[in-house]
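Everything numeric in this text was worked out from a predicted model, so none of it was measured. Lettering follows sequence order; numbering is per chain, from 1.
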2 protein chains.
Amino acid sequence: MNIGDVSDLSGLPTKTIRYYEDIGLVHPARGANGYRDFNEREAHRLTFLARARSLGFSIEECRTLLSLYADRSRASAEVKDLARDHLDRIAQKIRELDALRRTLETLVSQCHGDDRPDCPILDDLSGTLGKPT
Amino acid sequence: MNIGDVSDLSGLPTKTIRYYEDIGLVHPARGANGYRDFNEREAHRLTFLARARSLGFSIEECRTLLSLYADRSRASAEVKDLARDHLDRIAQKIRELDALRRTLETLVSQCHGDDRPDCPILDDLSGTLGKPT
DNA sequence: ATAGGTGTTCCAGTAACTGGAAGGTCAATG
DNA sequence: CATTGACCTTCCAGTTACTGGAACACCTAT
């Protein structure tokens with residue numbers, strides 16, 4: 001398969017696939033014309049990567065997941081730990097964003113938002129008032 | 001004030017402050033020795049930036065906010081619009097992360113996580129099963 | 001004089017791509 | 001056979017918002 005085919009298959013842009021080869025996540029063979037030639041296994045690694053990335057795993061986590069996937073004797077506990085760490089980070093990020101959202105909502109609701117110049121949002125940013133949050 | 005002083009004041013690392021000067025967010029004067037010399041106004045801009053960044057506004061949004069802040073005649077509606085756009089993006093991000101969290105939670109809960117090799121998480125990533133989410 | 005704590009510049013690296021230029025290859029058509 | 005257009009190649013640069021480090025100047029105090 002050429003790069004365009006695995007791109008269609010995996011949903012990853014060709015640019016990204018070439019990048020993944022650069023950083024050693026896939027190892028396609030090369031045809032006589034210099035084109036990359038993906039076999040089943042390499043194509044499968046790409047769909048695996050696409051899914052793992054869409055779940056928010058970092059490239060390095062994906063690298064680990066791929067090696068765990070290739071290791072037929074690894075314990076599922078290793079994978080679960082990685083996934084749980086990732087889950088914790090996501091949950092933490094959500095909490096942070098939610099705190100941010102609440103602060104911003106308060107500020108936005110306090111700003112009358114008309115053509116007058118006084119603005120509680122800028123007042124907060126400039127620190128001229130006791131800060132909320 | 002030297003850069004170290006405004007760093008203490010604003011909570012921003014000196015590296016970041018130099019970077020902010022590079023990209024034109026602050027314009028400190030220079031002393032005879034070549035050291036940056038921050039007056040009240042420039043120091044204030046830095047605390048403004050620190051707060052705006054901590055609320056998740058991008059550098060370019062901060063640039064806009066600073067100019068709106070400097071413009072005594074601007075309408076508060078402009079600021080409110082910017083803040084609301086930002087709020088919308090945050091809310092969207094939260095929704096996405098939450099969907100991710102739910103998917104991962106399902107996967108993690110399905111994995112027995114012991115020393116056996118079979119693992120629903122990897123199965124999902126490899127696409128050998130109907131995908132949840 | 002010297003030591004430590006500042007400050008300066010400049011270069012490179014981070015994460016994960018993305019865009020674009022310049023050019024080679026392939027399949028089909030006229 | 002030539003050409004067209006889609007596809008492929010490599011390489012370089014840019015993105016975001018910094019961060020680290022090297023090499024060097026300066027300032028204060030002992």
Self-check item: Verdict with supporting geometry, Leu125(A) and Leu49(B), side chain to side chain contact (heavy atoms under 4.5 Å, CB included)
Solution: CA-CA 8 Å; Leu125(A) 291 174; Leu49(B) 282 166; over 6 Å; no

Exercise. Take the angle between the ring planes of Tyr69(A) and Phe48(A) and call it parallel below 30°, perpendicular above 60°, tilted in between.
Key: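 Because their plane-to-plane angle lies in the 30° to 60° range, the rings of Tyr69(A) and Phe48(A) count as tilted.
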
Under 3.5 Å: donor-acceptor pair, side chain of [X], backbone of [Y]:
| X | Y | answer |
| --- | --- | --- |
| His112(A) | Ser76(B) | no |
| Arg45(A) | Leu25(A) | yes |
| Arg63(A) | Ile23(A) | yes |
| Asn2(B) | Gly4(B) | no |

Quiz item: For the helix from dA1(C)-dT30(D) to dG30(C)-dC1(D), what is the angle between the axes at its two ends, each from 5 pairs, rounded to 10°?
Solution: 30°

In whole Å, I'd like the distance from the [atom1] atom of [X] to the [atom2] atom of [N].
| X | N | atom1 | atom2 | result |
| --- | --- | --- | --- | --- |
| Leu25(B) | dC18(D) | CG | C1' | 12 Å |
| Ile17(B) | dA17(D) | CD1 | C1' | 14 Å |
| Arg53(A) | dA16(C) | CZ | C1' | 6 Å |
| Phe57(A) | dA15(C) | CZ | C1' | 17 Å |
| Ile23(A) | dT18(C) | CD1 | P | 12 Å |
| Tyr19(A) | dG19(C) | OH | P | 15 Å |

Practice problem: Could you give me the CA-CA distance, side-chain angles and deciding distance for Leu9(B) and Phe38(B), then say whether side chain to side chain contact (heavy atoms under 4.5 Å, CB included) is met? | Solution: CA-CA 11 Å; Leu9(B) 206 77; Phe38(B) 294 81; over 6 Å; no

Nucleotide N/O of nucleotides 6-10 of chain C paired with protein N/O under 3.5 Å:
residue	atom	partner	partner atom	Å
dG7(C)	OP1	Gly4(B)	N	2.6
dT8(C)	OP1	Arg36(B)	N	2.8
dT8(C)	OP1	Arg36(B)	NH1	2.7
dT8(C)	OP2	Arg18(B)	NE	3.0
dT8(C)	OP2	Arg18(B)	NH2	3.0
dT8(C)	OP2	Arg36(B)	NH1	3.2
dT8(C)	O5'	Arg36(B)	NH1	3.3
dT8(C)	O3'	Arg30(B)	NH1	3.4
dT9(C)	OP1	Arg30(B)	NH1	3.2
dT9(C)	OP1	Arg30(B)	NH2	3.3
dT9(C)	OP2	Arg36(B)	NH1	3.2
dT9(C)	OP2	Arg36(B)	NH2	2.7

Self-check item: Spacing of Leu87(B) atom CG and Gln92(B) atom CD [to the nearest 0.5 Å]
Solution: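 Leu87(B) CG to Gln92(B) CD: 12.0 Å, rounded to 0.5 Å.
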
Exercise. Report yes if at least one side-chain N or O of Thr16(B) is closer than 4.0 Å to OP1 or OP2 of dT19(D); otherwise report no.
Key: yes

